[in-house]
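Written out below as structure tokens is the structure these notes cover.
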Amino acid sequence: MEAIGAVKGFKDILPDETPRWRQVEERARRVFSSFGFREIRVPLLERTELFRRGIGEATDIVEKEMYTFLDRGDEYLTLRPEATASIMRAYIEHHLYAADPVAKLYTIGPMFRRERPQKGRFRQFHQIDVEILGLDDPRVDAELILMLAHFLREVRIEDYEIEVNSLGCPRCRPSFRAAVVAHLKGREGDLCPDCRRRLDTNPLRTFDCKVPGCGEIVADAPLIPDYLCPDCKRHFDDFCRYLELFSLRHRLNPKMVRGLDYYTKTAFEVTTTLLGAQNAVAGGGRYDGLIRTLGGPDVPGIGFAVGMERLLSLMPPDGAGEEPFVFLAALGERAQETAYLICNRLRLRGVWAETDYSGKGLKAQLKRADKLGCPFAVILGDRELDEGRAIWRDMEGGDQRQIDLKTLDDFIFATYTERSK
RNA sequence: GUGGGUGUAGCUCAAUUGGUCAGAGUGCCGGGUUGUGGCCCCGGAGGCUGAGGGUUCAAGUCCCUCCACUCACCCCA
């Protein structure tokens with residue numbers, strides 16, 4: 001029979017890797033809690049319309065990257081390509097704004113985008129997603145970045161840069177957009193085909209283009225900060241001032257734009273040079289009009305997402321191993337049964353114990369204990385059984401002593417609790 | 001969607017101009033120690049060399065097609 005492989009771009013997270021995943025998740029939860037965030041869990045599947053309206057029709061995600069299918073011939077559903085839209089949907093659907101004017105939420109889970117896989121980019125990938133709804137104060141924007149930086153520190157990631165920019169609001173963006181279009185139109189012929197198309201759909205995205213010719217044209221293009229309305233400008237200035245208040249090193253990148261349409265005002269990205277072409281570890285920004293666009297009240301919001309796989313590949317290696325506490329080696333049928341019993345009694349008391357099922361020799365059993373990384377082993381043969389005792393072996397030093405069988409369970413349990421302190 | 005690279009044992013990789021080339025290390029199993037792991041020594045199992053076709057006396061090696069993986073463009077976390 002031919003074996004069935006995983007779907008392209010979908011990865012198994014094997015037992016050797018899961019401890020690190022859990023470690024990151026736990027640290028995220030701890031950090032977010034202390035900043036007042038609560039967890040929300042939303043479905044992986046939503047109506048396609050949610051993402052079309054939320055993320056924007058002209059974005060790459062909606063245009064060509066979504067896993068969309070017709071469900072039983074009556075409605076289009078999509079595997080979520082990001083979490084924000086779903087969280088906004090839940091926020092509106094359950095009237096969370098009514099209970100509290102401010103909602104601080106986070107979620108951790110898989111996202112799906114049908115792109116060509118490469119280093120740091122998968123079709124199913126995982127994000128840690130954080131949102132603050134109901135506050136538009138620039139202090140909140142700075143505080144969110146403070147929390148993100150703190151979290152990165154907690155997972156021992158140091159080599160990164162925070163880039164910030166303001167994308168303006170519906171009041172100031174049209175004039176900026178017009179200026180960019182005017183600038184680009186003059187040299188339209190020198191633009192790459194993609195950018196020529198973007199001229200109509202989303203001219204700001206030409207800023208991202210890496211084609212050398214486009215880079216030159218964009219080099220002296222108008223910059224967003226110069227076109228911000230007084231309100232946006234003040235917001236951005238204050239935001240930057242608060243970043244400095246926290247001594248958060250950051251870089252102004254007036255050419256940074258984001259691939260999702262809903263962003264307004266503050267935008268930021270955490271980048272690193274260590275990831276190859278996929279240099280963004282985290283990214284986010286403010287989206288003051290999104291909730292209303294999705295049929296909710298006019299509530300401002302800001303959030304960010306961290307790419308789990310990318311984060312993990314940046315983390316320094318850590319011996320977050322998992323090993324049993326004791327191996328019960330048994331010789332002879334009667335001893336094997338006793339060892340089997342003790343092993344499971346220990347497990348019921350919360351001590352990770354392993355034993356042998358093969359009836360192999362002592363050498364093979366100790367070898368197994370060593371391979372598993374057990375710090376201790378119990379040796380129990382019919383000989384010991386008859387004398388009502390067992391051998392307690394320290395695997396590191398090789399010291400051995402006799403333990404009365406009647407007190408063995410308690411002895412092991414006590415040693416275990418002592419050691420886990 | 002478009003390019004480039006790579007496919008040999010579970011894993012990491014070797015195999016001169018096509019000519020005993022199907023190997024090593026590691027892991028696994030066993031023995032050296034009839035009841036004592038790690039180090040060392042010895043042995044064993046395990047591969048239609050990604051798949052299919054072609055050239056040739058001879059193909060892991062050259063050519064074609066397909067597939068998979070990978071990196072990059074694009075975009076983003």
Side-chain angles (χ1 to χ4, degrees), chain A residues 2-3 5-9 11 14 16 55 58-65 81-84 108-130 148 160 192-195 197-198 202 205 207-212 214 256-260 268-272 275-284 303-314 327 329-332 335 356 358 360-385 390-400:
Chain A
E2 199 177 331
V7 174
K8 187 192 196 74
K11 303 286 180 197
L14 298 174
D16 280 349
I55 299 170
T59 59
D60 277 12
I61 293 177
V62 170
E63 269 178 4
K64 52 197 185 196
E65 295 173 3
E82 56 118 45
T84 304
I108 302 176
M111 308 296 156
F112 306 85
R113 293 184 200 174
R114 220 199 111 89
E115 300 177 85
R116 196 76 174 263
Q118 69 184 73
K119 189 180 176 69
R121 196 173 79 181
F122 314 100
R123 289 182 171 186
Q124 180 186 117
F125 60 102
H126 297 74
Q127 287 188 339
I128 298 174
D129 191 85
V130 174
L148 175 54
Y160 64 85
C192 72
D194 277 338
C195 285
R197 186 174 51 80
R198 288 178 184 136
N202 201 341
R205 289 255 298 283
F207 283 26
D208 281 335
C209 190
K210 284 162 189 125
V211 176
C214 298
M256 181 179 71
V257 295
R258 312 234 61 229
L260 290 74
F268 56 93
E269 254 174 42
V270 175
T271 59
T272 168
L275 285 176
Q278 310 303 317
N279 64 348
V281 189
F304 67 78
V306 182
M308 263 289 221
E309 286 83 355
R310 293 181 189 179
L311 191 74
L312 285 161
S313 71
L314 288 175
F327 190 92
L331 297 157
D356 174 74
S358 69
K360 283 180 188 164
L362 182 57
K363 180 190 168 97
Q365 295 192 44
L366 286 180
K367 202 166 183 169
R368 172 101 183 125
D370 186 58
K371 183 186 154 75
L372 290 172
C374 301
F376 298 102
V378 167
I379 299 168
L380 187 66
D382 287 344
R383 193 190 301 162
E384 284 76 19
L385 207 57
I391 298 169
W392 176 251
R393 179 180 176 80
D394 183 332
M395 294 295 282
E396 274 154 57
D399 301 335
Q400 297 190 168

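Just so it is clear: chains get the letters A, B, ... in the order the sequence lines come, proteins before strands, and each one is counted from 1.
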Discussion item. Between V7(A) and A364(A), which residue's closest nucleotide on RNA chain B lies nearer the 5′ terminus?
Written reply: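 So the residue in question is A364(A).
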Discussion item. Between V281(A) and K119(A), which residue's closest nucleotide on RNA chain B lies nearer the 5′ terminus?
Written reply: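 Nearer the 5' end of the strand: K119(A).
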Give me the distances for all protein-to-nucleotides 41-44 of chain B N/O pairs that come in under 3.5 Å?
none

Item to complete: Could you pull out all residues at least two apart from T271(A) that satisfy side chain to side chain donor-acceptor pair (under 3.5 Å)?
Response: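 With neighbours one apart ignored, the set is E163(A).
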Fill in: Residues forming a side chain to side chain donor-acceptor pair (under 3.5 Å) with R393(A), sequence neighbours excluded
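By the side chain to side chain donor-acceptor pair (under 3.5 Å) rule, R393(A) matches Q400(A).
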Please list each protein N or O that sits under 3.5 Å from an N or O in nucleotides 2-13 of chain B, with the distance.
{"from": "U2(B)", "atom 1": "O4", "to": "R116(A)", "atom 2": "NH1", "distance (Å)": "2.5"}

Using a heavy-atom cut-off of 4.0 Å across all strands, would you classify [X] as base, sugar-phosphate, or nothing?
{"X": "N279(A)", "result": "base"}
{"X": "A369(A)", "result": "nothing"}
{"X": "K367(A)", "result": "sugar-phosphate"}

Discussion item. Check this for me: does the side-chain of R121(A) come within 3.5 Å of the base of C74(B) through a donor and an acceptor?
Written reply: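 A donor-acceptor contact between them is present.
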Discussion item. Any donor-acceptor pair, under 3.5 Å, between the side chain of Q118(A) and the base of C74(B), if you only look at N and O atoms?
Written reply: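 Yes, a donor-acceptor pair under 3.5 Å.
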Practice prompt. For nucleotides G53(B) and A15(B), find the distance between their C1' atoms and express it as a whole number of Å.
Written response: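 Those two atoms are separated by 25 Å.
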Practice prompt. Report yes if a side-chain nitrogen or oxygen of K371(A) is closer than 4.0 Å to either non-bridging phosphate oxygen (OP1 or OP2) of C28(B); otherwise report no.
Written response: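 For C28(B), OP1/OP2 do have a side-chain N/O of K371(A) under 4.0 Å.
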Discussion item. Just checking R368(A): does its CZ atom have more than 12 heavy atoms from other residues, nucleotides or ligands closer to it than 6.0 angstrom?
Written reply: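 Atom CZ in R368(A) is not packed in, count stays at 12 or less.
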Item to complete: Let me know the distance between CG of L366(A) and P of U33(B), rounded to the nearest Å.
Response: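 These atoms are roughly 17 Å apart.
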Worksheet entry | Set of residues satisfying ring-ring contact (aromatic ring centres under 6.0 Å, His included) with respect to F376(A), sequence neighbours excluded |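 F325(A), W392(A).
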Worksheet item: Mind checking what makes side-chain contact (heavy atoms from CB on, under 4.5 Å) contact with A390(A), not counting sequence neighbours?
Response: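 Applying side-chain contact (heavy atoms from CB on, under 4.5 Å) to A390(A) gives V378(A), L380(A), L405(A), L408(A).
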Worksheet item: What's the closest nucleotide to the L331(A) side chain, out of G35(B), G37(B), A77(B)?
Response: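 Looking only at side-chain atoms, L331(A) lies closest to G35(B).
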Worksheet item: Looking at U70(B), C29(B), A72(B), which one has an atom nearest to any side-chain atom of K11(A)?
Response: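 Given the options U70(B), C29(B), A72(B), the side chain of K11(A) is closest to U70(B).
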Worksheet item: Any idea which heavy atoms bring Y160(A) and V270(A) closest together, and the distance?
Response: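 Where Y160(A) meets V270(A) most closely, the heavy atoms are CD1-CG1, 3.7 Å.
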Item to complete: Quick one: list whatever passes salt bridge (charged side-chain N to carboxylate O under 4.0 Å, His left out) with E309(A), sequence neighbours left out.
Response: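 Partners of E309(A) under the salt bridge (charged side-chain N to carboxylate O under 4.0 Å, His left out) test: none.
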Practice prompt. Would you please name every residue forming a salt bridge (charged side-chain N to carboxylate O under 4.0 Å, His left out) with R123(A), sequence neighbours left out?
Written response: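 Salt bridge (charged side-chain N to carboxylate O under 4.0 Å, His left out) list for R123(A), sorted by chain: empty.
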Fill in: Runs of at least three Watson-Crick or G-U pairs with RNA chain B, cut-off 3.5 Å
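Output for stems: B:1-7 with B:67-73, B:10-13 with B:23-26, B:28-32 with B:40-44, B:50-54 with B:62-66.
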Worksheet entry | Interface residues of residues 374-385 of chain A with RNA chain B (non-hydrogen, below 4.0 angstrom) |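 Hits under 4.0 Å, by residue number: I379(A), R383(A), E384(A).
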Worksheet entry | Strand contacts (RNA chain B) in residues 390-400 of chain A, 4.0 angstrom heavy-atom criterion |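 Nucleic-acid contacts, sorted: I391(A), R393(A), M395(A), E396(A), G398(A), Q400(A).
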Practice prompt. Among R310(A), M308(A), M111(A), find the residue that satisfies the side chain to side chain contact (heavy atoms under 4.5 Å, CB included) test when tested with Q127(A).
Written response: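 Running side chain to side chain contact (heavy atoms under 4.5 Å, CB included) over R310(A), M308(A), M111(A) with Q127(A) returns exactly one hit, M111(A).
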Give every pair of a protein N or O atom and an N or O atom of nucleotides 45-49 of chain B that lie under 3.5 Å apart, one pair per line with the distance.
none

